[in-house]
Number of protein chains: 2
Amino acid sequence: MPVTIKDLSKTLGVSRSTISKALNDRPDVSPDTKTRVLQAAHDLGYQPSAAARNLRRQRTNKIGLVVTYPIHRVSDFLSELIPGMATVAEEAEYNLILYTSMVGSEERIQNLCRSREVDGIIIAWPPRQSETVALSQLLTDEDVPHIFLPRRVPHDDISYVAADHVQGARQLTQHLIALGHRRIGFERLPEVYETDDDRHAGYTQALRQAGIPYDASLVVSADSQDDDYERRSFDVFQALDEPPTAILFFTDPLAIRALSHAKAHCIRVPQDLSIAGYDGIPSSGVTEPALTTVRQATSKMGVLAVESLLKLITDGGAEPQQHILPVELIVRQSTAVPWKGSA
Amino acid sequence: MPVTIKDLSKTLGVSRSTISKALNDRPDVSPDTKTRVLQAAHDLGYQPSAAARNLRRQRTNKIGLVVTYPIHRVSDFLSELIPGMATVAEEAEYNLILYTSMVGSEERIQNLCRSREVDGIIIAWPPRQSETVALSQLLTDEDVPHIFLPRRVPHDDISYVAADHVQGARQLTQHLIALGHRRIGFERLPEVYETDDDRHAGYTQALRQAGIPYDASLVVSADSQDDDYERRSFDVFQALDEPPTAILFFTDPLAIRALSHAKAHCIRVPQDLSIAGYDGIPSSGVTEPALTTVRQATSKMGVLAVESLLKLITDGGAEPQQHILPVELIVRQSTAVPWKGSA
DNA sequence: TGTGCTTGCGAAATCGATTTCGAAGAGGTT
DNA sequence: AACCTCTTCGAAATCGATTTCGCAAGCACA
């Protein structure tokens with residue numbers, strides 16, 4: 001049986017209230033009894049019961065990390081996210097609880113909040129925009145502070161932390177334009193998310209600024225369900241009358257697979273074709289050639305999300321927290337000046 | 001204010017006890033009242049308070065994942081571990097709580113256990129053997145089920161899940177021997193862990209079986225603190241009278257850095273030198289050449305650890321859970337028949 | 001009608017800590 | 001001596017659910 005406050009009370013001959021006050025550093029305890037209590041607590045190995053404390057305080061000092069997406073699809077991202085999040089949380093005496101089987105289940109999130117086992121939640125990979133707004137409303141009704149990550153939510157009252165993908169895609173495209181590319185392919189996702197729209201917007205902005213007309217045939221949708229789609233989309237690009245001299249891929253893994261398909265087609269990268277990824281995963285740095293990509297400040301996003309959430313938890317009246325972090329262009333060897341042979 | 005069992009009791013005109021029994025499917029409730037209670041609970045959006053339930057049941061349905069190692073050093077490993085762990089836990093209605101700032105702090109782990117905020121813990125990257133045994137004793141005294149991961153603990157009473165690194169290193173060495181290598185370098189870690197001993201044992205076993213004498217000059221210790229050590233250890237190998245024709249590295253990242261150092265020294269891999277890694281991280285598959293390595297069943301280890309822990313939690317008298325999982329040799333392009341030029 | 005048994009329900013205790021509120025005692029002032 | 005203030009402490013209520021135990025009603029049977 002663990003040592004309870006009752007045991008302490010008995011051995012010291014002091015009431016439970018006084019013990020509690022001494023341990024919580026309340027003013028109405030004499031310095032003498034306080035030290036006696038602390039000493040005894042240490043000697044007996046007393047540690048307050050988390051459950052009892054939570055019940056009384058109506059607070060758990062736990063933050064829920066709710067992953068509303070098949071977790072194996074985002075574990076790379078999570079591994080960059082979690083260390084920062086956990087560290088910041090623990091500095092504030094909070095811990096992270098993982099809820100990963102929450103795919104598309106608004107109701108389960110609601111139940112989680114109603115059971116009050118966390119003081120606030122971070123919702124990683126929220127659903128489409130309309131559902132996100134509805135979900136946020138639900139959580140607001142339950143009075144549970146929450147933050148969406150890592151996608152922006154176009155709504156003034158909703159807190160989120162995201163990366164500036166408009167800027168990222170624009171910089172990447174500008175980089176290619178500066179190298180001399182005019183026909184730049186863009187492989188986007190079929191799912192309609194803000195992230196995708198943002199990157200597409202960045203891509204078109206850069207083209208417009210450079211006076212390059214938008215060519216719809218250069219934009220294809222990757223089918224994330226189909227592992228071999230990559231090869232076929234590659235063929236689609238190559239089959240064009242005037243194939244692109246550079247291709248932007250929505251994520252690094254897509255770009256890495258494109259790299260090996262290029263090799264299989266005897267297309268040299270970057271001499272014959274420039275390839276760029278997005279996300280800056282570790283693997284992108286060790287390919288041959290190393291991948292030009294855009295690095296999101298993933299770790300920082302996690303840190304910021306926790307900090308913002310803590311602010312919302314601590315200060316009930318706090319403003320919605322909205323952060324869009326800049327991203328960083330990483331130029332490596334997979335992009336270069338286009339070959340002028342056919343031009 | 002959230003809906004409590006009291007509210008339900010009031011609106012239904014039924015005692016709290018009966019509500020509780022109905023919700024927990026106890027036998028002494030009539031089918032009629034049970035449906036009425038369930039209906040009302042649903043209508044009012046009632047969800048039992050986790051804190052109150054935990055306090056009363058003396059059980060939290062939470063598993064602690066305690067990381068006793070600088071988390072950014074192991075986040076890759078964690079990202080493979082966590083999805084499986086979380087999934088299995090959640091199927092059994094448990095959740096994972098992360099405790100990452102537990103580096104070298106036996107006392108904080110003890111306090112965690114005393115506060116009873118988890119029903120059991122998984123200790124990732126336990127300290128040295130002697131400390132591990134002491135820690136296990138401490139947790140046993142507190143009556144908290146626990147499992148060590150991912151290192152074996154040479155002690156009959158202690159539960160752990162680990163990978164068979166003796167087998168892994170032996171297979172890797174045998175693979176090189178089969179290719180014709182006789183002088184095989186081995187870069188181990190300076191820290192004295194079972195893992196390291198195991199791999200070294202596998203290495204020497206393979207040599208012995210092949211009748212190749214052990215040459216201590218072929219075994220160097222990497223200094224994990226020093227990022228540039230890799231380059232110097234590489235020089236150490238090259239400066240030998242008879243340099244190795246193949247080198248085993250303790251981890252993939254070390255091998256990947258060696259790959260680029262080799263390139264800088266104009267040493268071709270695998271023609272001039274075979275290089276092998278260990279762990280099978282994603283990056284190891286996209287290097288040029290792709291790395292021969294050994295893949296641990298990391299995800300499976302996480303799953304097994306949670307399953308074992310749940311067994312210990314559920315069945316107090318369960319045997320210690322000890323699992324050593326086989327590892328898988330992955331032969332890729334960084335190892336090949338040695339060049340006979342100088343032989 | 002009286003006895004025995006089953007079924008369904010509720011009063012009250014309990015889990016362990018926190019907090020409110022009142023009281024006792026010490027010390028000072030008039 | 002009467003009154004006040006300040007410090008220190010403890011009794012009791014509270015957080016919300018679960019569980020034990022006893023009671024009452026209903027039914028069957030002699």
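All figures in this text were calculated on a predicted structure; none of them were measured in a lab. Chain naming here is simple, since letters A, B, ... match the order of the sequence lines and numbering starts at 1 in each.
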For chain B, the stretch of DNA chain C it reaches, first to last nucleotide, under 4.0 Å of its heavy atoms: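 Contact span on the strand: dG8(C) to dG16(C).
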
Exam field: side chain Ser136(A) to backbone Thr132(A), donor-acceptor pair closer than 3.5 Å: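 Side chain of Ser136(A) to backbone of Thr132(A), a donor-acceptor pair under 3.5 Å: no, none is there.
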
Test log, rule side chain to side chain contact (heavy atoms under 4.5 Å, CB included), inputs Thr4(A) and Leu8(A): CA-CA 7 Å; Thr4(A) 72; Leu8(A) 261 187; over 6 Å; no

Salt bridge (charged side-chain N to carboxylate O under 4.0 Å, His left out) between Asp28(B) and Lys21(B), worked out: CA-CA 8 Å; Asp28(B) 56 346; Lys21(B) 287 172 197 163; 3.6 Å; yes

Axis bend over the full length of the helix from dT1(C)-dA30(D) to dT30(C)-dA1(D), computed from five pairs that close each end, to 10 degrees: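 Result, rounded to 10 degrees: 70°.
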
Any luck finding a side-chain donor-acceptor pair between [X] and [Y] under 3.5 Å?
X	Y	answer
Asn61(B)	Arg59(B)	yes
Glu80(A)	Ser75(B)	no
Ser30(A)	Thr33(A)	yes

Distance, nearest 0.5 Å, that separates CG of Asn54(B) from CG of Asp119(B):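 Here the interatomic distance stands at 8.0 Å.
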
Ile123(A) side, atom CD1; Ser159(A) side, atom OG - distance, nearest 0.5 Å: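 Result: 10.0 Å between the selected atoms.
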
Nucleic acid contacts - residues 31-55 of chain A versus DNA chain D, non-hydrogen atoms under 4.0 Å: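 Close to the strand are Thr33(A), Leu55(A).
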
Within residues 14-29 of chain A, residues whose heavy atoms come under 4.0 Å of DNA chain D: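 Correct list: Val14(A), Ser15(A), Ser17(A), Thr18(A), Lys21(A), Asp28(A), Val29(A).
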
Pairs meeting criterion ring-ring contact (aromatic ring centres under 6.0 Å, His included) with involvement of residues 73-96 of chain A, two or more places apart: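 For residues 73-96 of chain A, and leaving out neighbouring residues, the ring-ring contact (aromatic ring centres under 6.0 Å, His included) pairs sorted by first residue read Phe77(A)-Trp125(A).
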
Test log, rule side chain to side chain contact (heavy atoms under 4.5 Å, CB included), inputs Ile158(A) and Val133(A): CA-CA 8 Å; Ile158(A) 299 181; Val133(A) 173; 4.1 Å; yes

Worked check of salt bridge (charged side-chain N to carboxylate O under 4.0 Å, His left out) between Arg114(A) and Glu142(A): CA-CA 7 Å; Arg114(A) 287 187 170 153; Glu142(A) 298 292 339; 2.8 Å; yes

By side chain to side chain donor-acceptor pair (under 3.5 Å) - contacts of Arg26(A) (at least two apart):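 So Arg26(A) forms no side chain to side chain donor-acceptor pair (under 3.5 Å) with any residue.
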
